Amino acid sequence: MTGPARIVGQVASAGYAQGPVHLARREAPAYTAKSTPEQELQALQLAVDSASAGIASTMGQVCGDASDILEFQLAMLEDGSFTDAAAGMISAGATAHAAWQAVLDAEIAEYQASDDASFKARSADLADIRDTVLSALSGESTQTIPPGVIHVDEDIAPSRFLSHDWSLGGGLALRRGSVASHVAMLARARGVPMIVGIGDSAIDDGADALLDAEAGELLVYPDPEQIAAFNHRRNASQTRQREADALVSHPAVTRDGEAVEVLVNIADPEDADRIPIEHVDGVGLMRTEFLFGGDRGLPDEETQLVAYSKVLAWAEGKPVTIRTIDAGGDKPVEGYTIAEDNPFLGLRGIRLSLAKPEVFRVQIRALLRAAPYGALKVMLPMVSVPEEIVQARAMFAEEAAGLASAGIAHRMPQIGIMVEVPSVAITPERFDGAAFFSIGSNDLTQYVLAASRDNARLGALGAADDPAVVSLIANVARFGLASGLETSLCGDAASDPEMIDVLLGAGLRRLSVAPARVAVVKAAVRRFARGEQPR
Ligand code: PEP
Ligand code: MG
């Protein structure tokens with residue numbers, strides 16, 4: 001038995017959980033060989049069918065990105081090529097278990113060796129399929145996570161995360177993992193507390209534990225003092241949330257009477273269905289890369305038009321800022337992004353759009369045609385030189401002329417830019433060809449501190465409250481105020497109530513935040529008074 005410990009990780013999804021530790025079981029389940037190859041083959045088919053049925057039933061309960069992941073897994077299982085390859089090995093004398101393991105291991109190795117980051121990212125989904133079928137073959141269902149536990153694992157597959165009912169409490173502490181992973185995104189969307197990068201410390205299965213996924217720590221065998229302090233923090237957080245929720249539909253006004261606009265960040269158009277429009281001042285960032293890739297490939301003009309116009313109609317005339325595809329870096333898109341040694345510094349965002357005009361022009365036409373449905377603004381990601389704005393504008397103008405001559409309804413939206421590359425934040429005045437600025441604190445932080453945003457080991461280096469980052473944010477806000485160019489911030493820093501004083505103190509009055517953070521951000525705005533800030 002190990003003793004009390006305070007284990008530190010990185011916050012992937014904020015929140016609190018208390019419960020016994022549930023250690024993921026690592027040993028492979030035992031498999032009993034059958035008497036004939038025919039029986040082995042039959043056992044494999046049954047196991048694949050049962051895995052497919054499990055995935056299909058989870059798919060019925062989720063939507064958006066979560067259902068894309070499961071769709072990929074189901075398509076892989078139903079395609080039959082893994083089963084065919086395993087059948088060949090079974091005919092040559094292998095057991096179903098050994099054959100399935102060998103076929104999937106080889107496939108996973110191939111995905112992992114790929115230079116294409118989107119293939120690499122898919123290898124975890126394939127490992128998930130492998131393990132689900134192997135468990136079914138051994139007659140055991142995949143180790144279930146009991147309700148209300150703090151699940152400790154190396155990493156966790158999206159399908160496993162989705163098949164568990166988190167509404168009964170509990171949380172996740174991952175030894176590796178990443179704040180930018182699929183699972184981290186799902187945990188944030190569902191409000192499941194999660195920390196990553198806790199390392200290899202020994203932890204007892206069943207040990208009493210407290211997960212503070214606001215401070216980023218797991219307290220194992222906590223003493224009475226730690227329990228009291230944890231309860232105090234958790235109760236305070238719940239009270240803050242309740243108070244904030246009560247005022248979520250009211251405008252956000254600082255103590256000295258200044259109005260602050262609070263907009264929302266969305267990805268899937270379905271996200272909008274869960275947000276009452278009265279709670280927000282519009283959409284400050286719609287990430288469109290989630291429409292691209294996956295099994296559906298690159299979306300055509302009509303598909304994009306439907307997605308964009310749905311959000312514009314939902315917004316009832318409030319502004320909707322749709323970002324053109326920001327693929328690359330931490331957001332690879334299969335069949336679109338290209339293999340590079342250093343994708344964060346490579347052909348991503350607007351650079352890739354300009355390099356692949358045949359894809360960009362489809363998105364441009366869909367945006368131009370969606371514009372009449374509401375107050376559309378278009379935002380270009382990863383701009384690093386003014387010439388990129390000029391080129392993008394020219395393409396918008398050409399496509400608008402094409403639509404006009406074909407008699408197709410359209411409108412030219414305002415075209416602004418993300419400020420997330422230091423070159424823009426240092427000299428914003430060179431970028432006044434943009435109609436507005438929105439600061440991307442996630443990328444700005446990683447580029448200013450030279451610390452990759454998806455590396456759990458760099459922890460504290462990724463903080464947007466670093467004085468160098470704050471000074472650049474203030475520089476952009478100052479320029480915005482002086483020149484009259486609308487300036488907002490849509491990175492994760494805006495969703496962090498602890499950062500609100502810093503951002504408002506820097507002069508920002510327009511923030512775009514994660515849906516679950518609207519209420520607490522508005523509450524933090526109401527606590528702010530300009531006169532009380534240190535000079
Ligand atoms: C950012 O970089 O802060 C941002 C909002 O964009 P993304 O997180 O999608 O890169
Ligand atoms: Mg970014």
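Remember, predicted model here, so these are calculated numbers, not experimental data. Residues: numbered from 1 along the sequence shown. Order of appearance sets the numbers: ligands from 1, and atoms from 1 within every ligand.
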Notebook entry, point to check: Got a salt bridge between Arg233 and Glu217, using NZ or NE/NH1/NH2 to carboxylate O under 4.0 Å?
Noted result: yes
Notebook entry, point to check: Between Arg453 and Asp443, is there a salt bridge with N-O shorter than 4.0 Å?
Noted result: yes
Checklist line | Salt bridge present between Glu214 and Arg234 (N-O < 4.0 angstrom) | finding: no
Note to self: Tell me whether Asp273 is salt-bridged to Lys310, with the criterion being a basic N under 4.0 Å from an acidic carboxylate O.
What the structure shows: yes
Notebook entry, point to check: Among side-chain atoms of Thr303 and Asp300, is any donor-acceptor pair under 3.5 angstrom?
Noted result: yes
Check: Ignoring water, what protein N, O or S atoms are under 2.8 Å from the Mg ion (ligand 2)?
Finding: Glu420 OE1, Asp443 OD2
Notebook entry, point to check: Do Glu302 and Arg369 sit within salt-bridge range, that is, some charged N less than 4.0 Å from a carboxylate O?
Noted result: yes
Note to self: Once rounded to the nearest 0.5 Å, what's the spacing between atom CG of Leu444 and atom CG of Leu472?
What the structure shows: 5.5 Å
Filter the ligand 1-protein atom pairs down to N or O on both sides and distance under 3.5 Å, then list them.
from	atom 1	to	atom 2	distance (Å)
ligand 1	2 (O)	Glu420	OE1	3.0
ligand 1	2 (O)	Asp443	N	3.0
ligand 1	2 (O)	Asp443	OD2	3.0
ligand 1	3 (O)	Gly440	O	3.4
ligand 1	3 (O)	Ser441	N	3.1
ligand 1	3 (O)	Asn442	N	2.7
ligand 1	3 (O)	Asn442	ND2	3.3
ligand 1	6 (O)	Arg323	NH1	3.0
ligand 1	8 (O)	Arg287	NH2	2.9
ligand 1	8 (O)	Asn442	ND2	2.9
ligand 1	8 (O)	Arg453	NH2	2.7
ligand 1	9 (O)	Arg287	NE	2.7
ligand 1	9 (O)	Arg287	NH2	3.3
ligand 1	9 (O)	Arg323	NH1	3.3
ligand 1	9 (O)	Arg323	NH2	2.8
ligand 1	9 (O)	Lys331	NZ	3.1
ligand 1	10 (O)	Lys331	NZ	2.7
ligand 1	10 (O)	Asp443	OD2	2.9
ligand 1	10 (O)	Arg453	NH1	2.9

Notebook entry, point to check: Is any side-chain N of the basic residue among Glu289 and Arg323 closer than 4.0 Å to the acidic one's carboxylate O?
Noted result: yes
Next item on the list: May I ask you to say whether Glu486 pairs ionically with Arg510, meaning some side-chain N is under 4.0 Å from a carboxylate O?
Entry: yes
